[in-house]
There are 2 protein chains.
Amino acid sequence: MGINAVFEALSHPVRRKILALLKNGPLSAGELAGHFDLTKPTLSVHFNKLREAELVAVERRGTSLIYHLNTSILEEALAGLLSLKDPET
Amino acid sequence: MGINAVFEALSHPVRRKILALLKNGPLSAGELAGHFDLTKPTLSVHFNKLREAELVAVERRGTSLIYHLNTSILEEALAGLLSLKDPET
DNA sequence: ACATTAATTAGAAATTCTTCTAATTAGAGT
DNA sequence: ACTCTAATTAGAAGAATTTCTAATTAATGT
């Protein structure tokens with residue numbers, strides 16, 4: 001896990017778009033899938049990578065799985081990028 | 001290329017370490033390679049990905065190739081990450 | 001022209017990623 | 001128990017990534 005999984009998760013455009021969709025509030029797997037021309041199983045794989053990186057958290061509500069953005073991990077990535085720029089850190 | 005190539009380039013720990021080494025100033029391919037337990041051809045592949053993403057620029061000095069960090073592209077990545085967090089942007 | 005140094009490109013092997021279809025799990029309602 | 005909806009896991013195909021060794025390019029100096 002750790003920062004490697006985070007940057008790996010951020011490397012795919014579909015996964016970055018998932019995060020962008022979640023920044024306005026939680027969404028179910030099905031709602032998220034509706035924004036892509038990909039099958040649900042394919043999206044599930046992307047959800048898994050985001051979950052392993054802890055960029056998202058999941059909560060079940062009835063038959064739906066609701067995905068939430070984890071902003072604290074996003075901030076870790078931000079800090080990691082900043083540290084590549086500043087000679088101080 | 002664009003932002004996809006940038007995030008793809010940032011996804012590998014070796015490439016992030018290369019950028020971290022360059023933040024203190026330009027280094028030659030050989031000097032960079034000295035920091036890794038990898039062959040020079042392997043490092044060349046990583047340099048190419050960073051160059052394609054324009055995260056680094058190259059300049060030849062004699063028989064050496066000097067790599068420079070391109071901070072403006074790093075800022076693009078920063079902005080891209082920030083936009084995943086803020087509901088405004 | 002030749003040799004040396006620095007670094008690359010070429011080609012191949014092993015692994016990982018992305019995507020699909022088919023099958024399975026999980027919960028809600030009748 | 002059965003059915004329906006929501007979403008997952010399993011398995012496989014094709015593409016891309018990472019790494020190596022061997023060969024090549026490029027510039028410098030004798």
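Just so we're on the same page: letters track the sequence lines, and every chain starts at 1. Just so you know, these numbers come straight off a predicted model, no measurement behind them.
One interatomic measurement links the two molecules: CG of L27(B) to P of dA7(C), which rounds to 11 Å at whole-angstrom precision. We find that CD of E52(A) is positioned 13 Å from P of dT8(D), with the value rounded to whole Å. Counting to the nearest Å, the P atom of dT9(C) and the NZ atom of K49(B) are 13 Å from each other. Rounded to whole Å, atom C1' of dT8(C) lies 16 Å from atom CG of L50(B). If you take CD1 of I18(B) and P of dT18(D), they are 11 Å apart, rounded to a whole angstrom. When the C1' atom of dA7(D) is taken as reference, atom CG of L32(A) falls 12 Å away, rounded to whole Å. We find that CZ of R16(A) is positioned 11 Å from P of dT18(C), with the value rounded to whole Å. Protein atom CG of L43(B) is 13 Å distant from nucleotide atom P of dT21(D), rounded to whole Å.
Proximity of I18(A) to F47(A): side-chain heavy atoms (C-beta onward) are separated by under 4.5 Å at one or more points.
Of the listed nucleotides (dA7(C), dT21(D), dT8(D)), dT8(D) has the atom at the smallest distance from the side chain of S44(A). For K40(A), counting side-chain heavy atoms from C-beta on, the closest listed nucleotide (dT8(D), dA6(C), dT17(D)) is dT8(D). Minimum atom distance to the side chain of V45(B) is reached by dT19(D), of the listed dA7(C), dT17(D), dT19(D). Comparing dT21(D), dC17(C), dT8(D) by their nearest atom to the side chain of F47(A) picks out dT8(D). Picking from dT21(D), dT18(D), dT21(C) the nucleotide with the shortest atom distance to the side chain of T39(A) gives dT21(C). Out of dT19(C), dT19(D), dA7(D), the shortest distance to the side chain of L38(A) is found at dT19(C).
Residue V14(B) is out of contact with every strand shown, counting any heavy-atom pair closer than 4.0 Å. E8(A) comes within 4.0 angstrom of sugar-phosphate atoms only, judged by non-hydrogen atoms across all strands, and of no base. Counting non-hydrogen atoms under 4.0 angstrom, R61(A) reaches nothing in the nucleic acid. Counting any heavy atom pair closer than 4.0 Å across all strands shown, Y67(A) reaches sugar-phosphate atoms only and no base atom.
Judged by distance alone, the side chain of R16(B) and the main-chain N or O of L10(B) form a donor-acceptor pair under 3.5 Å.
The minimum heavy-atom distance linking Y67(B) with A29(B) is given by the pair CE1-CB, 3.9 Å. A pairwise comparison of heavy atoms in H46(A) and V14(A) identifies CD2-CG1, 3.7 Å as the closest pair.
Taking 4.0 angstrom as the limit, T42(A) places none of its side-chain polar atoms (N or O) nearer than this to OP1 or OP2 of dT19(C). OP1 and OP2 of dA6(D) both lie 4.0 Å or more from every side-chain N or O belonging to R60(A). Considering only side-chain N and O atoms, H46(B) lies under 4.0 angstrom from the phosphate OP1 or OP2 of dT19(D). Contact between the side-chain N/O atoms of S64(A) and the OP1/OP2 oxygens of dT5(D) is not found at any separation under 4.0 Å.
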Intermediate values then yes/no, side-chain contact (heavy atoms from CB on, under 4.5 Å), L43(A) and L32(A): CA-CA 8 Å; L43(A) 266 296; L32(A) 285 167; 5.5 Å; no

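Nearer the 5' end of DNA chain C, as judged by each residue's closest nucleotide, is the contact made by R51(B), out of H12(A) and R51(B). If you find the closest nucleotide of DNA chain C to T63(B) and to R15(A), the one lying nearer the 5' end belongs to T63(B). Heavy-atom nearest nucleotides on DNA chain D were determined for D37(B) and for V58(A), and the one closer to the 5' end corresponds to V58(A).
Linking Ile, Leu, Val, Met, Phe, Trp and Tyr whenever their side-chain heavy atoms come within less than 4.5 Å puts L78(B) and L84(B) in one cluster.
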